[in-house]
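See structure below.
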Amino acid sequence: RWVLSLQCKGSRNLMSALRRAVEVDFKDKDKHKSQGLYLLTTGIPDQETHTISAYVAEVCRGFDLQLHVCLFSVMEDVDSKGIIPPRYANPTETAIAFKEIVQAANGRFHWFGEEGIFESDDITVLVSEMEKAKSYSQK
């Protein structure tokens with residue numbers, strides 16, 4: 001069930017969007033069977049990773065909530081107007097930061113780009129299950 005959409009409105013102010021989602025939109029959390037937030041993003045948040053990780057760790061425990069991140073890596077380092085965002089990180093640094101945030105939120109991380117899938121928690125689990133099944137079948 002889709003509950004809401006987070007929009008940072010042209011910025012990467014993830015803390016503001018998360019606070020709005022958790023403190024305003026999830027105030028009636030008892031009415032929902034599942035509580036999950038999906039962040040679709042192309043870059044690192046404006047705030048430091050440790051700040052967001054600490055916030056989501058605290059909030060997700062209190063709400064039984066999970067934050068899942070889908071990171072789409074674009075090859076250009078700047079937006080279409082040539083403006084560098086307030087906080088910059090290359091794609092690998094961005095992925096590392098979001099993996100830390102997702103771990104704090106007990107969520108899942110997916111990283112893809114125009115070239116394909118770079119990393120996906122779901123695919124990792126599926127491959128592991130297939131390898132176990134293959135091992136069992138050989139025994």
Side-chain angles (χ1 to χ4, degrees):
R1 177 176 174 179
W2 291 91
V3 179
L4 76 131
S5 168
L6 294 179
Q7 292 184 350
C8 296
K9 298 191 182 196
S11 76
R12 294 186 180 154
N13 189 347
L14 181 57
M15 283 297 290
S16 175
L18 286 171
R19 281 190 180 118
R20 181 178 184 278
V22 172
E23 296 169 10
V24 177
D25 292 324
F26 281 131
K27 65 184 176 197
D28 297 325
K29 65 182 176 106
D30 296 332
K31 295 180 183 178
H32 306 292
K33 285 186 178 181
S34 63
Q35 301 253 328
L37 295 174
Y38 287 81
L39 173 65
L40 310 175
T41 186
T42 59
I44 198 154
D46 291 344
Q47 297 79 22
E48 294 293 327
T49 303
H50 63 86
T51 303
I52 297 171
S53 293
Y55 178 76
V56 297
E58 179 182 335
V59 167
C60 289
R61 276 192 306 269
F63 279 119
D64 191 26
L65 177 69
Q66 294 178 329
L67 172 65
H68 309 289
V69 173
C70 296
L71 172 63
F72 181 75
S73 284
V74 292
M75 298 317 294
E76 297 177 16
D77 292 337
V78 293
D79 71 7
S80 61
K81 297 175 187 169
I83 300 169
I84 297 174
R87 184 167 177 236
Y88 174 79
N90 68 39
T92 302
E93 294 166 336
T94 301
I96 290 168
F98 276 117
K99 283 180 5 182
E100 180 182 323
I101 292 167
V102 163
Q103 286 174 347
N106 296 316
R108 296 187 322 269
F109 176 71
H110 309 285
W111 178 23
F112 60 100
E114 295 170 345
E115 299 81 23
I117 299 168
F118 301 121
E119 183 175 342
S120 171
D121 290 346
D122 290 348
I123 291 174
T124 301
V125 169
L126 287 171
V127 168
S128 173
E129 290 296 319
M130 289 187 295
E131 288 172 353
K132 284 180 193 175
K134 179 182 174 185
S135 174
Y136 288 137
S137 71
Q138 291 175 341
K139 291 177 183 177

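Hydrogens, waters and symmetry mates are skipped; everything else that's a heavy atom, side chains included, is used. Worth saying up front: this structure is predicted, and the values here are computed from it rather than measured.
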Let me confirm one number: the CG-OH distance from Leu18 to Tyr55, rounded to the nearest 0.5 Å.
6.5 Å
Please report, to 0.1 Å, the donor-acceptor pairs under 3.5 Å made by any side chain of residues 128-139, with sequence neighbours excluded.
{"residue": "Ser137", "atom": "OG", "partner": "Ala133", "partner atom": "O", "Å": "3.4"}
{"residue": "Ser137", "atom": "OG", "partner": "Lys134", "partner atom": "O", "Å": "2.8"}

Going by side chain to side chain contact (heavy atoms under 4.5 Å, CB included), name the residues that satisfy it together with Ala57, two or more places apart in sequence or in a different chain.
Arg61, Ala104
Check: Gln66 side chain, Gly36 main-chain N or O, donor-acceptor pair, under 3.5 Å:
no
Of the non-hydrogen atoms in Ile44 and Ala97, which two are nearest, and what is the gap between them?
CD1-CB, 3.8 Å
Would a 4.5 Å heavy-atom cut-off, applied to side chains only, mark Asp46 and Leu14 as touching?
no
Non-neighbouring partners of Ile123 that pass side chain to side chain contact (heavy atoms under 4.5 Å, CB included), sequence neighbours left out:
Ile117, Ser120, Val127
Ile52/Phe98 under side chain to side chain contact (heavy atoms under 4.5 Å, CB included): CA gap, chis, key distance, verdict:
CA-CA 10 Å; Ile52 297 171; Phe98 276 117; over 6 Å; no
CD of Glu93: more than 12 outside heavy atoms within 6.0 angstrom?
yes
How many angstroms lie between CG in Leu39 and CG in Leu71, if you round to the nearest 0.5 Å?
9.0 Å
Would Arg12 and Thr42 satisfy side chain to side chain contact (heavy atoms under 4.5 Å, CB included), going step by step from the backbone distance to the final call?
CA-CA 9 Å; Arg12 294 186 180 154; Thr42 59; 4.1 Å; yes
What residues form a ring pair (Phe, Tyr, Trp, His ring centres under 6.0 Å) with His68, not counting sequence neighbours?
Tyr38
Taking side-chain hydrogen bond (donor to acceptor under 3.5 Å, both in side chains) as the test, write out the residues that go with Glu119, two or more places apart.
Lys99
Holding to salt bridge (charged side-chain N to carboxylate O under 4.0 Å, His left out), I want the full list of residues that pass it with Glu100, two or more places apart in sequence or in another chain.
none
side-chain hydrogen bond (donor to acceptor under 3.5 Å, both in side chains) against Asp122, all qualifying residues, sequence neighbours excluded:
Arg108
Taking side chain to side chain contact (heavy atoms under 4.5 Å, CB included) as the test, write out the residues that go with Thr92, two or more places apart.
Asn90, Ile96, Trp111
Are any side-chain N or O atoms of Asp121 and backbone N or O atoms of Phe109, one a donor and one an acceptor, separated by less than 3.5 Å?
yes
Between atom OG of Ser53 and atom CD1 of Ile101, what is the distance when rounded to the nearest 0.5 Å?
5.0 Å
Taken in chain and number order and not counting sequence neighbours, the residues that satisfy side chain to side chain contact (heavy atoms under 4.5 Å, CB included) with Gln103 are none
Interatomic distance, CZ@Phe118 vs OG@Ser73, rounded to 0.5 Å, equals 5.5 Å
